[in-house]
Amino acid sequence: MIAESYNPQVIEAEAQHHWDEQRVFAVREEPGREKYYCLCMFPYPSGRLHMGHVRNYTIGDVIARYQRMLGRNVLQPMGWDAFGLPAENAAMAGGVAPARWTYDNIAYMKKQLQSLGFALDWDRELATCQPEYYRWNQWLFLRMLEKGIVYLKTGVVNWDPVDQTVLANEQVIDGRGWRTGAVVEKREIPMYYMAITQYAEELLTELDRLPGWPEQVKLMQKNWIGKSHGVRIGFPYQLPESDSGILWVFTTRADTLLGATYVAVAAEHPLALHAAKDNPQLAAFIDECRQGGVTEAELATQEKKGMPTGLTVTHPLTGEQLPLWVANYVLMGYGEGAVMAVPAHDERDFAFAHQFGLPIKPVIRTSAGDETPAPWKDTYADYGVCINSGQYDGLDFEQAVDAIAADLNAKELGEKKVIWRLRDWGISRQRYWGTPIPIIHCEACGAVPVPDDQLPVVLPEHLVPDGSGNPLNKYPEFLNCACPQCGKPARRETDTMDTFVDSSWYFFRYGTPGANAMVDKRADYWMPVDQYIGGIEHAILHLLYSRFWTKVMRDLGLTTVSEPFANLLTQGMVLNHIFFRKGEKGGITYYPPADVEMVRDEQGRVASVTAVADGQPVEYGGIGTMSKSRKNGVDPQTLIEQYGADTARLFMMFAAPPEQALEWSDAGVGGAYRFLRRLWAYAAEHQDAIRAAGEVVAVTLSEPLRAVRREVHEALKQALFDFGRHQFNTVVSGSMKMLNSLARIEAGERDAADTVRREGLSLLLRLLSPIVPHVTHVLWRELGYGDDVLNAVWPAPDEGALVRSLVTLVVQVNGKLRGQIDVPVDAERGAIEQLAQAEPNVQRFVEGKPIRKVVIVPGKLVNLVC
RNA sequence: GCUGGUGUGGUGGAAUGGUAUACACACAGGACUUAAAAUCCUGCGCCGUUAGCCCGGCUUGUGGGUUCGAGUCCCACCACCAGCACCA
């Protein structure tokens, strides 16, 4: 029996109980059966789910359930990105151990996920803070160390001198520590690096073999990797105290080498530091550059600053002496930290030369001519043939670069080179709540890797950080150990790994739960992930690191795949209205949307906004991402409790296509809820008739019934197409159309009408089941369609139902709509033309003019051109 | 600055070169009700014409182009959003 009123709490409990009890979402490898691995980016257990999570996991769940109904063996797992800084911050604030805080959060958020009815295989759940997970971080780290992919190097960190601790970049605010307010120092400490640059070429070229990734993401990765072709050029120098050497620069414009009039180095460049030793003025300038502007806006507008070092370098081809400058626009971290300056053909060099009166020598004939008068024109930087360049005159860009590179090569002062923007990945974090780096420091033997049989290096879980450094450093039970090589007392490494390490391979582990190895053969069945879903904010780092780790694992023989994610969907953000008041002192107070009232005018436009509390006006701040600081977040828990999971899911799917931003709307949620209630009421009202009804017999249907049935199948056909391209908002509107059509059947009609109702609802429930699985589960069973809608066949439109005897054609005259005609589907071209011309309104516009051309689009329109 | 994306009713949005504004939301009017809520019905781009029906003109950020036909393809510009940013 279907109860009269829609009660989501009861329905959802019933459906979820069924899924749990039957363990319907637990999957195994089935060789020979087509698999589908659907994965959402796992959450950080921050405490509660937010709307972004709900959206992300609903999209994933809809895809997973859809694929399941198409007959695939679908894996959809879930886990926790459980290491990280927020747990340490919470520990400091509340005095509770990060482990405890994390596990409590996981328990609560797991309940929330379960209440949303996601088709997850919980048997494969993992948390990255579990030793059985992170031991494999350590294990692979050691393999990478053996292969030289991991190495030790000095790195620069932000150091808070008061707390005696290392700060993450986001903990440095305006150059000061976020807790202490102390000016942050740069400190050089030894850190472990992963040589992602060894894979730069492959990471770049394989982007072209990822057709299922958004272009935008591929482009962002491409830019991040940043491959540049150029020439490394040496400028020999002789220092006063008889030291000599070669200053190397990198350039993509070797063709302009003869136009170089000075050479500039970064403030941190060794040669600059050397020159500053007995030049206090220069030393002061270098200091100034190092501190210089922090914000991006400052950097962009910063004027070109520089100072001569007093040194000169020798032009490698002409032998000319060029002055060596220190310039604030040269970056130590890119290329060689030094540039050859060609003011005539580079905008920055041009500005610098003008400012400091340095010579400008045009050496390229551009569309602007042979001269480069101020002000700067972008065409000065164009490619062209060489001029004023002696033997290279007349050569084009490629010829000149080849010739100059060859000549430099002969002098051992240059070679063609490719450089990358991508840096190696420093993974050491001076943090407690992370994967311990498996290294032991011995006075005699140095840094010794922990032997495999001593893994995992277990992180003690009861420590509580107090803000003054890593508590591991004060915990002897962890710190003190024996050197694996010589057996003498030694000290354990207390740095932990960047949490991006944890998330770089978790998708492999889901495929091999419980394995006594990092992965086993089962992963080969599941990998690669067929559909990965997550936020665009991970477009670069997480996705790049995951691709890198997959390639490392492949080279170690741990997997056969090169790319972990075949298809990627980046979901849009969840937005809401922002309301605020400005205080007298300019401070801003935000008002949650639930605490304000909008008054609308007769057209439905927002006329005014007032606070519920005091009835006074509130300013509207437009629309923006849900955030704590702006108080415009909506708690999914409230939504689920008030309307149920199906309404939450339906609204998420209906309000916007998955990749676009979604605007929160209480009214929209209400609309989604109303639709489910209407669906329920329809099923309840007709339940007896539907259970008793037989198959549709098309020939016995009246014309109105046939029309309803045609509409249902037409809407279904479109909705199925949209399902395939993951445009779920129109799938939902298609479902609404189907119900609207069925509801148009007159209440009194029986028998034949009931067969149409029975068929229509059967199609509708199956179509909707991936989106609103609870209500469709219960209705499917109660209406007698079968035991479990999950096992039903995916619906397909009946081509017979789509056939019409008459079609309505639109008639255009010169492309403008002028009338409609009804013609038999099999009408001849001539007959259609005749009917179209006979249409009275069409005649008014043709007015006896000769018809030059008739375009007929079958089933759609006629266009008369005159 | 560079790169990419997006601009469609009061709002979210739909349209696979072929009837722009589907499906919803909001709003207005009506039915039911003592009343409200809920529900149901009707209307709803702008301008003109009209008692009303018909009918016409305009409209997908702006301006061009291709096409029998453009929201969709091409060119230029404007606005907003995002990423990168003195990358040699």
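Quick caveat, the model's predicted, so the values are computed rather than measured. Just so you know, these numbers use all the heavy atoms, side chains as well, and skip hydrogens, waters and symmetry mates. Letters A, B, ... mirror the listed sequences (proteins, then strands); counts begin at 1.
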Could you identify which residues of residues 857-866 of chain A place a heavy atom less than 4.0 Å from some atom of RNA chain B, listed by residue number, or say none?
A:Val857, A:Lys860, A:Leu861, A:Asn863, A:Val865
Under 3.5 Å, which donor-acceptor pairs link side chains of residues 656-665 of chain A to any protein atom two or more places apart or in another chain?
residue	atom	partner	partner atom	Å
A:Trp664	NE1	A:Asp666	OD1	3.1
A:Ser665	OG	A:Ala667	N	3.4
A:Ser665	OG	A:Gly668	N	2.8

Residue pairs fulfilling salt bridge (Lys or Arg N to Asp or Glu O under 4.0 Å) with at least one residue in [range], sequence neighbours excluded:
{"range": "residues 326-347 of chain A", "answer": "A:Arg232-A:Glu336, A:Glu336-A:Lys417, A:Asp346-A:Arg348"}
{"range": "residues 213-229 of chain A", "answer": "A:Glu201-A:Lys227, A:Glu215-A:Lys218"}
{"range": "residues 720-744 of chain A", "answer": "A:Glu711-A:Arg744, A:Asp722-A:Arg725"}
{"range": "residues 671-681 of chain A", "answer": "none"}

A:Trp425: which residues meet the side chain to side chain donor-acceptor pair (under 3.5 Å) condition with it, sequence neighbours left out?
A:Asp498
Residue set satisfying side chain to side chain donor-acceptor pair (under 3.5 Å) with A:Asp349, at least two apart, ordered chain then number -> A:Tyr329
Got a minute to check which stems RNA chain B is part of, using Watson-Crick or G-U wobble pairs under 3.5 Å, three or more consecutive?
B:1-7 with B:78-84, B:10-12 with B:23-25, B:27-31 with B:39-43, B:45-48 with B:55-58, B:61-65 with B:73-77
A:Gly734 or A:Lys853, whichever maps to the more 5' nucleotide of RNA chain B
A:Gly734
Contact pattern, 5' to 3', of nucleotides 3-15 of chain B - B, S or - by protein heavy atom under 4.0 Å:
SS-----B-BSSS
Please enumerate all protein N or O atoms sitting under 3.5 Å from an N or O of nucleotides 39-46 of chain B, with distances to 0.1 Å.
residue	atom	partner	partner atom	Å
B:rU39	OP1	A:Arg677	NH2	2.8

Test salt bridge (Lys or Arg N to Asp or Glu O under 4.0 Å) applied to A:Arg649 - qualifying residues, sequence neighbours left out
A:Asp61
Would B:rG10 be called syn or anti here, given the cut-off of 90° from 0?
anti
Sugar-phosphate, base or nothing in reach of A:Tyr673, heavy atoms under 4.0 Å:
nothing
